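For clarity, every value in this text was computed on a predicted model and none was experimentally measured. In what follows, chains are A, B, ... by sequence order, proteins preceding strands, each numbered from 1.
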Amino acid sequence: MVKYQPSKVEEKSRNKWKNEVDLSVPGKKFYLLVEFTYPSGDLHMGHWFAFAVPDILARLKRMQGYTVFAPQGFDAFGLPAENAAIKRGIHPKDWTYDNIARMKKQFASMGAVYDWEHEVITSEPDYYRWNQWIFLKMYEKGLAYKGKTLSNWCPTDQTVLANENVENGKCWRCGSEVIQKEVEQWFLKITEYADRLEWPDGPEVDWPKPLREGQNNWIGKSEGIEISFQVSGIRNQVLGTNRNPKPETRNQIIAYTKFPETIFGVTYMVIAPEHPLVGQLTTDEHKKEVEEYIKTSQKKSELERTSLEKQKTGVFTGSYVVNPVNLQKVPIWVADYVIFTYGTGAVMGVPGSDVRDFAFAKKFGLEIIKVIAKKPDDQSPVETAEDVLEEGWIVNSGQFDGLATPDPAKGKMMEYLSEKDWGKCKVNYHLHDWSVSRQRYWGTPIPVIYCVNCWEVKSEKLKVKSVEGKDYSLIEGDRYAIVPVPEKDLPVELPYDVDFAPRGKPPLATAEDWVRVKCPNCGEEAMRDVETLDTFFDSSWYFLRYLRYVLNTSKKDEKLPFAQDLVAKWMPVDIYFGGAEHTLGHTLYSRFFVKFLKSIGVINIDEYAQRRVHHGVILGPDGQRMSKSHGNVVNPDDEVAKYGADAVRLYLAFLGPYDLVAPWDPGGIRGVYHFLERVWKLFEAVEELSGGYGNEARIVKGKAVNVKDAKRQTLNETSLVTDKRLTIDDLYWMHKTIKKVGEDIEGIKFNTAVAAMMEWLNYLSAKAHRAGPAGSSSHPTSSTKSSSHIGDSSLVGLRALDGTPSVAVTRTEYETFLKLLAPFAPHITEELWEMMQNKKSIHDESWPEYDGRFVKTQVVTLVVQVNGKVRDSLPVKAGIDQKEAEKLALASEKVQRFLGNKPPQKTIFVKDRLINFVA
RNA sequence: GGCUCGGUGGUGAAAUUGGUAUACACGUCAGACUUAAAAUCUGAUUGCUGAAUAAGCAGUGUGGGUUCGAGUCCCACCCGAGCCACCA
């Protein structure tokens, strides 16, 4: 027999396969989705882990008779393409498409079933026109709006970043420190969906708990109360803020709190430096100080502001507010530990029961009042941070004294404040609206036109002012009407010739011919939006785009981004593989999109994936993240050249649980390669190849096994098995492994599935070894390690059902083995399958079914314990009752020794498992 | 500080969900085959006492608890990872 040569086998096998899926076929569907990839250049080991391993499940599902749809595409817009253009003068488009071509070739070497026929490339006008369509729908519904706020700004990439893309105060792409800059840009009102995006306790879909909790924390729903504090000394001035522009905010500062029950402990008020009232509240003698403070805090980067050892800073404004509950006058301070974008940007300072307020009060010598105590009569002063309590008993709070908090004090206080009209219950979210404008080139153009003329006409007609960001946009001081591009004019195509060099202006602004456009509304000169959409917009719905047409049918005249009948049939995705790093970004955004698309009636699902599975990370052999600078990159192409794609796939499946973060182990892959070689060689031991074909082995269903004495008796009287050459042990191993491998793949436990096949192989090899090439075995009766736990296998295991010695591996066994291995190692199994003289592809075979009766052994090992300690183990017939077990166990000399010849006081019996005597 | 996972041999990890702890693999050691090496095959491999493939004791981060029985459940603590975080 020729040596196993992966490179030869793999190319040959791959040429046999076709992966395109006809989405219109009836029957059981299985939509397997893996996060599509960014076309960064070459496939690395992470791609193999992410794509080749889920293919195991795809292949199993296929063999189980499902129509498996596992489409692929590229998340092709994004910064690296543009940076390559800046650095090396290659156009982003050319760079991207070159990479795509190269990566697709590399993808092929995985031998996976991914379908490229429905491919999605987000940088195709054909794709991003639907981004634009969705954007316009959102605009129509008021979910896309233009706003001017302080935003995360990356000075290196010259673009705004969403909150989710700021990691520890640094840009997720380039690692530069993010600064806060006031920028006008488009937002999506994801906050309107905050409630719907919150995960319930027992969700209907199977998504990882850490993800669900993470998203809920990020959404950060908090129920509290907004309390109004009268500003002392200012009369009848409108102190409206752009957050609360209501008449009732006259003379008032509104603070948000979750702990209203501590209001008697308020000794000061703090507002954020960005708070619009700062100017009005600052008295002349504090003006200089306050202005300076605001300046320095603005200069601080996000990083400094949040990580500077929580050292509190702040200044007094000179003004005071009055605490409504006790009419105490308390000073108003400005401090940057208050976050303007959360709540109302104003906080009541309760140093007696909040550690941050305590630190602030200590530093600036402000009064500290105890309002929560360990005991109702405790009046000891609050002196250290340990004395600051959030729960306990209310003290020094008038009629509320003596109540326990949080319950019932919190509720009572809420009621009281609402009744007096001093406070209003309010739900706040940590989640912010999603900023989607990017000041970059390689993305979806925002389908909006700005027209001065339209605004002038409109504002003449309109007697009322419109809302900035909804109707008009301020550009260099002029008002422009926001005119959405009409649907018929989509897509707004990205111009090819632009100047990419960052110069503080979006690159698209340099394409003047493109920018200048006739207003679709009035026909006058107008201009296009020169920014592009965040690429997370692209990836928020791509899984629907895969479902746009049935193979070989017209793709034209699309009315929607997808075919509704196909979506109805194929959604939701059955399993979605991806990285845990997308917990707060991509997966949250795409849930939002799906809920939005449902709200406009074009789809009818709440969650888009039935199950979500995270993959782990393959580190370099040194345990560091693989990177060129570490010099620890393991190139999958090299490994494939050395060991073959099958071995790489198998190793990635075997190295541990799928979500494991573990280093690449060069020894590990040699181990699985060795396994494949043994599978290859076992071909020679298949009985029919040495003894001729025929006598087809097949298991048929029949009556239940009933063995009186499995230790001694073979099964030749049963008619369960037509192939009498299979022993009861053979059947046990085969059926047990079928069960285990199938269940483990579905449970995403690939490592133990592989282990189970290794065990069976060990069993089969030992069997072949005993039989020997010409019956000359060197170990005729030694029971193998693998089979020993069955019990007395020297008697049971070595005799076939017809009583003759088992001689070799049967065709049934070997072919079943190949089928189980096929999803993991599709190439080698295909080749061996052909060598077994099968005509069809092994991947078109159906997955073997196991027979539960064979999964159970006839002989089980009964563990015998005395006082819970294992003292002996006996091979016994399966299913024996307690009486019989006791008799056998008590006969054991070891048991007698530990029982000391006294009868046990109590006996615990677990059928087919153990018996425990309590002395 | 909050949330979510984890902590088992020299290493990656298993453990039928409360029932023989360490499956499978790597590594190491020994043996066979070789002039030799590689490859392959066979065996050993949790620690301690023992000549032992006899027998026993200990053993899943630490300390307690529940139970006939705990890696698994409960309580307290220690350590590590990931995410979030002056969110009032």
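- The side chain of A:K209 places an N or O atom within less than 4.0 Å of a non-bridging phosphate oxygen (OP1 or OP2) of B:C5.
- With RNA chain B read from its 5' end, the first of the two nearest nucleotides for A:A346 and A:K740 is the one closest to A:K740.
- The side chain of A:N751 places no N or O atom within less than 4.0 Å of a non-bridging phosphate oxygen (OP1 or OP2) of B:A23.
- A straight line from NZ of A:K894 to C1' of B:A54 spans 10 Å, rounded to a whole angstrom.
- Between B:U42 and B:G47, the distance separating the two P atoms is 23 Å to the nearest Å.
- Note: CZ (A:F898) to C1' (B:A55) measures 9 Å, nearest angstrom.
- Residue A:R913 places no side-chain N or O under 4.0 Å from the OP1 or OP2 atom of B:G69.
- Residue A:L660 is in sugar-phosphate contact alone, with no base atom involved, counting any heavy-atom pair closer than 4.0 Å across all strands shown.
- In summary, A:K739 and A:E743 engage in a salt bridge, as defined by a charged side-chain N under 4.0 Å from a carboxylate O.
- Across the protein-nucleic acid pair, A:Q865 atom CD and B:A70 atom P stand 9 Å apart, rounded to whole Å.
- A:K426 and A:E226 are joined by a salt bridge, as a carboxylate oxygen and a charged side-chain nitrogen come within less than 4.0 angstrom of each other.
- Between the CD atom of A:E677 and the C1' atom of B:C41 there is a distance of 13 Å, given to the nearest Å.
- Look at A:K221 and A:D195 and you find a salt bridge, because one of the NZ, NE, NH1 or NH2 atoms lies within 4.0 Å of a carboxylate O, short of that distance.
- The side chain of A:R678 contributes no N or O atom lying less than 4.0 Å from OP1 or OP2 of B:A39.
- A sub-4.0 Å separation between OP1 or OP2 of B:C83 and a side-chain N or O of A:H614 is absent.
- Taking the C1' atoms as reference points, B:U11 lies 14 Å from B:U46, given to the whole Å.
- Remark: the A:R871 side chain and the A:S892 side chain contain no N/O donor-acceptor pair separated by less than 3.5 Å.
- Considering only side-chain N and O atoms, A:K911 lies nowhere under 4.0 angstrom from the phosphate OP1 or OP2 of B:U16.
- The phosphate of B:A88 has OP1 or OP2 within less than 4.0 Å of a side-chain N or O from A:Y342.
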